Amino acid sequence: MTADRLRAVVTGASSGIGAATVRRLRADGWDVVAVARRADRLAALAAETGAEAFAADLTSDDDVARLAAFIDDTGGLTSLVNNAGGALGLDRVEQADVDGWRAMYETNVLGTLRVTQALLPALRASGRGDVLVVTSTAGIAPYEGGAGYTGVKHAERMLTTTLRLELIGEPVRVIDIAPGNVATEEFSLVRFAGDAERAAKVYEGYEPLLAEDVADVIAFALTRPHHVNIDTLVVRPRAQVSNTQIGRRQPAADRA
């Protein structure tokens, strides 16, 4: 990499925060490699933005090795945005789905681990690397029904903060961006197995964050002077004061 060329890998780029981040970084003049499993959506995003599309399953060692080889062969890397992940279910601990917990751990924690390990040499070699992880306020505090997701996000956050300690003195920043409720086209829909009505209720009665709001925060963190490290940045909707408290507007019928 040359000092004036900024190039980012963004995972989970086929929708939501990942796609918004690709759009924002491309608009800001970055070279971007958009990574996700769904090749068709990546191709559309690449056609729209000029990003490079790289289809990969981050739970696959072989796919992650292919990604690392591609980065090395095409000029290196300055920033990694670990965004891939997601939630499954909202079950109490006594009814929890073990397979769902395992799947969340694979994507949110081990996927982040695999990609970070594979791309860290390129980030070091750039002389100004960034490992940015999109965690969640679920990694800070619990909520009922959320033990599976809060558990994996706590683990992902500890991965991130521990890496920050381990890279002391190296030219690589480690950044944790922890969003609260973000209304995207898929997060709650996936969580509730396609139940659109239940998914919509998560965002009723207040103005949630949008994917573009989080992309704006990501771009801010990545574009600070490189001696400035945003260790952890929590961003929530104004109406959301904690994982369990949201100031929802009272329905008009109830105010009459």
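Everything quoted here is computed from the prediction, not taken from an experiment.
- Clustering ILVMFWY residues whenever any of their side-chain heavy atoms sit less than 4.5 angstrom apart, transitively, puts Val115 in the very cluster that holds Leu167.
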Side chain to side chain donor-acceptor pair (under 3.5 Å) evaluation trace for Asn243 with Thr137: CA-CA 7 Å; Asn243 285 350; Thr137 55; 3.0 Å; yes

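- Side-chain polar atoms of Asn83 and Thr11 form no donor-acceptor pair below 3.5 angstrom.
- In this model, no donor atom of one side chain and acceptor atom of the other lie less than 3.5 Å apart for Asp130 and Thr78.
- Minimum heavy-atom separation, Tyr203 to Val182: OH-O, 3.1 Å.
- The cluster map of Ile, Leu, Val, Met, Phe, Trp and Tyr, joined by side-chain heavy atoms under 4.5 Å apart, puts Phe220 and Ile177 in the same cluster.
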Working for side-chain contact (heavy atoms from CB on, under 4.5 Å), residues Leu77 and Leu119: CA-CA 8 Å; Leu77 189 67; Leu119 298 185; 3.8 Å; yes

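- Arg24 has no carboxylate O lying under 4.0 Å from a charged side-chain N of Glu212, or vice versa, which leaves the two without a salt bridge.
- The shortest distance between side-chain heavy atoms of Leu42 and Arg37 does not fall below 4.5 Å.
- Ser79 and Arg173 share no donor-acceptor pair across their side chains, judged by distance under 3.5 Å alone.
- Side-chain contact annotation: Asn181 with Tyr206, donor-acceptor N/O pair under 3.5 Å present.
- There is a side-chain donor-acceptor pair under 3.5 Å between Thr112 and Glu156.
- Side-chain contact check for Thr59 and Asp57: at least one donor-acceptor pair (N or O, by modelled atom type) lies under 3.5 Å.
- In this model, no donor atom of one side chain and acceptor atom of the other lie less than 3.5 Å apart for Asn82 and Arg114.
- Closest approach of Leu45 and Ala13 over heavy atoms only: CD2-O, 3.3 Å.
- Under the 3.5 Å distance criterion, with hydrogens and angles disregarded, no donor-acceptor pair is assigned to the side chains of Arg41 and Ser14.
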Verdict with reasoning, Asp231 to Ile175, per side-chain contact (heavy atoms from CB on, under 4.5 Å): CA-CA 5 Å; Asp231 284 13; Ile175 301 164; over 6 Å; no

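- Arg7 and Glu52 are joined by a salt bridge, as a carboxylate oxygen and a charged side-chain nitrogen come within less than 4.0 angstrom of each other.
- Linking Ile, Leu, Val, Met, Phe, Trp and Tyr whenever their side-chain heavy atoms come within less than 4.5 Å puts Phe54 and Val131 in one cluster.
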Worked verdict on Trp101 versus Leu88 for side-chain contact (heavy atoms from CB on, under 4.5 Å): CA-CA 8 Å; Trp101 282 38; Leu88 297 173; over 6 Å; no

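- Nearest approach of Ala68 to Ala118, heavy atoms of both residues: CB-O, 3.8 Å.
- Of the charged side-chain nitrogens involved, none lies within less than 4.0 Å of a carboxylate oxygen, so that Asp62 and Arg66 do not count as a salt-bridged pair.
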